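Written out below as structure tokens is the structure these notes cover.
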Amino acid sequence: MSLHILTPGPLALVEDLGRPGFAHLGVSASGALDRSALRLANRLVGNPQDAAGIEITMGLLEARFDAPTWFAITGAEGDVLLVRDGVPASSVPLAVATHAEAGDRIEFGPARHGVRFYLAVRGGIDGAPTLGSRSSDTLSGLGPAPLSAGQTLALGAEPERAIPSADALTVWAPRDDTVVIDVVEGPRTDRFDSHTRDAFFETTWSMSASSNRVGARLDGPPLPVARGAELPSEGMVAGSIQIPPSGLPTILLADHPVTGGYPVIAVVSDASLDAFAQVRPGQHVRFRHAH
């Protein structure tokens with residue numbers, strides 16, 4: 001079985017839950033930015049939660065199923081059509097397992113809420129793993145290249161688990177208003193005076209259009225430069241909030257470099273990290289202390 005890519009849209013990547021454990025080799029974990037959405041899509045089609053799917057940034061992907069296939073879409077929200085014999089057959093519901101016949105096309109409209117769709121197909125996207133993962137890392141170049149028109153993706157073997165009748169967990173929907181992110185104190189919080197730390201929490205930040213899978217960049221009133229604004233490079237984890245000399249926070253995401261030299265004022269809690277995957281450019285973000 002296979003999936004033929006007709007149009008990849010702005011950016012479509014094969015992603016699973018990443019390759020943690022290789023930072024000592026200079027390799028970040030990478031993997032899906034919205035891990036919860038990928039896990040849900042996989043559960044809906046009976047896959048293991050870590051099976052590889054497709055992360056579709058802003059939509060506009062078109063693909064053809066070359067065999068009868070179950071699939072599910074989660075994450076961002078927008079119009080998705082199933083086209084049969086050149087005619088739209090149905091609107092594809094989000095977060096529900098849907099069956100496609102051989103030759104059916106799936107067409108994503110632009111994302112209206114959130115940024116990244118996740119498409120899981122029963123059996124998962126197959127292919128040779130790199131360091132135990134099929135994820136594409138846009139910074140290091142590890143894993144498969146971004147999808148391109150005319151590419152055919154092989155699908156894995158049918159899992160033993162049947163298609164579940166329903167998923168018991170609540171389906172999360174992207175927010176359009178201010179997103180509140182839980183953070184814990186960073187390893188270099190002491191480099192910032194109390195006024196700067198207060199300003200960090202009291203400011204309503206705006207997501208910059210220059211954000212990507214490496215880091216989310218925020219716009220707002222610049223924070224004062226910290227004492228020792230540049231440090232010897234030290235290890236970084238996803239969610240580290242660096243304050244570079246510009247005074248504007250940068251949150252390291254899945255494809256982040258494993259080291260960095262700007263002081264980290266705070267670190268996003270693991271539970272809040274997925275939220276950055278769906279924050280649209282211009283959307284507001286605030287930080288609060290994790291409980």
Side-chain angles (χ1 to χ4, degrees), residues 18 20 23 26 28-31 33-36 57 76 113-116 138-139 172-291:
S28 61
S30 190
L33 281 191
D34 188 342
R35 300 158 299 176
S36 298
T57 301
H113 308 284
V115 175
R116 293 176 173 87
T138 59
L139 184 65
W172 177 85
R175 299 177 63 97
D176 293 325
D177 56 0
T178 300
V179 176
V180 178
I181 300 294
D182 290 332
V183 300
V184 298
E185 194 169 272
R188 301 299 177 189
T189 301
D190 60 354
R191 297 287 177 126
F192 302 89
D193 62 31
S194 60
H195 297 292
T196 302
R197 295 196 296 270
D198 289 345
F200 171 76
F201 285 101
E202 291 169 357
T203 298
T204 298
W205 301 97
S206 176
M207 180 65 73
S208 167
S210 63
S211 300
N212 54 31
R213 286 180 46 86
V214 176
R217 296 173 174 83
L218 302 182
D219 291 327
L223 298 174
V225 176
R227 175 172 56 86
E230 291 198 39
L231 306 167
S233 289
E234 53 190 0
M236 293 286 152
V237 298
S240 295
I241 304 177
Q242 292 183 313
I243 308 296
S246 67
L248 300 176
T250 295
I251 300 87
L252 301 184
L253 300 180
D255 292 355
H256 69 90
V258 295
T259 61
Y262 298 132
V264 174
I265 192 171
V267 179
V268 177
S269 71
D270 188 71
S272 285
L273 199 53
D274 289 358
F276 278 109
Q278 304 297 355
V279 179
R280 298 171 69 89
Q283 193 171 349
H284 291 156
V285 173
R286 287 184 65 91
F287 297 104
R288 70 180 178 190
H289 295 281
H291 298 296

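Residues: numbered from 1 along the sequence shown. As the structure is a computational prediction, the values presented were derived from the model and not from experiment.
- A donor-acceptor contact under 3.5 angstrom links the side chains of Ser208 and Ser210, judged on distance only.
- For His113, there are no ring-ring contact (aromatic ring centres under 6.0 Å, His included) partners at least two apart in sequence or on another chain.
- A donor-acceptor contact shorter than 3.5 Å links the side chain of Asp274 to the backbone of Ser36.
- Heavy-atom minimum distance, Asp190 versus Pro187: OD1-O, 4.4 Å.
- Using a distance-only test at 3.5 Å, with no hydrogens or angles considered, a donor-acceptor pair links the side chain of Ser211 to the main chain of Arg217.
- Arg286 and Thr204 share a side-chain donor-acceptor pair at under 3.5 Å.
- The two atoms that bring Ser272 and Val268 nearest to each other are CB-CG1, 3.7 Å, heavy atoms only.
- Applying the salt bridge (Lys or Arg N to Asp or Glu O under 4.0 Å) test to every pair with at least one member in residues 200-215, sequence neighbours left out, gives these pairs: Glu15-Arg213, Glu55-Arg213, Arg213-Asp255.
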Exercise for review: Could you check Gln283 against Val179 for side-chain contact (heavy atoms from CB on, under 4.5 Å), going step by step and ending with a plain yes or no?
Suggested key: CA-CA 8 Å; Gln283 193 171 349; Val179 176; 3.5 Å; yes

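- Pro257 and Leu139 make their closest contact through N-CD2, 3.6 Å (heavy atoms, listed as atom of the first residue, atom of the second, distance).
- The minimum heavy-atom distance linking Ser246 with Pro222 is given by the pair O-CB, 3.3 Å.
- Counting non-hydrogen atoms of other residues, nucleotides and ligands closer than 6.0 Å to CD of Glu185 gives a total of 12 or fewer.
- With sequence neighbours left out, the salt bridge (Lys or Arg N to Asp or Glu O under 4.0 Å) criterion links Asp198 to no other residue.
- Shown here for Ser28 and Ala254, the closest heavy-atom pair between the two residues is OG-O, 3.6 Å.
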Review point. Can you list the steps and then say if Asp270 with Arg35 is a salt bridge (charged side-chain N to carboxylate O under 4.0 Å, His left out)?
Key: CA-CA 11 Å; Asp270 188 71; Arg35 300 158 299 176; 3.0 Å; yes

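- Using a 4.5 Å heavy-atom threshold, the side chains of Arg116 and Gln278 count as touching.
- Of all the heavy atoms in Leu218 and Leu248, the pair that sits closest is O-CB, 3.4 Å.
- With contacts defined as side-chain heavy-atom distances shorter than 4.5 Å, the pair Leu231/Tyr262 does not qualify.
- Using a 4.5 Å cut-off on side-chain heavy atoms (C-beta onward), Pro249 and Ile243 make contact.
- The side-chain heavy atoms of Val184 and Val267, taken from C-beta on, include a pair separated by under 4.5 Å.
- Between Pro221 and Thr203 the shortest side-chain heavy-atom distance falls below 4.5 Å.
- The closest side-chain heavy-atom distance from Thr178 to Val285 is not below 4.5 Å.
- A heavy-atom distance below 4.5 Å is found between the side chains of Val115 and Thr57.
- Taking the six-membered ring for Trp and thresholds of 30 and 60 degrees, Phe200 and Phe287 have nearly parallel ring planes, at less than 30 degrees apart.
- When side chains are defined from C-beta on, Arg288 does not count as touching Ile181, because their heavy atoms never get closer than 4.5 Å.
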Exercise for review: Report the C-alpha separation of Leu253 and Val214 in whole Å, then their side-chain angles, then the decisive distance to 0.1 Å, and conclude whether the side-chain contact (heavy atoms from CB on, under 4.5 Å) test is met.
Suggested key: CA-CA 5 Å; Leu253 300 180; Val214 176; over 6 Å; no

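- The structure places CZ of Arg188 at 11.5 Å from OG of Ser240, a figure rounded to the nearest 0.5 Å.
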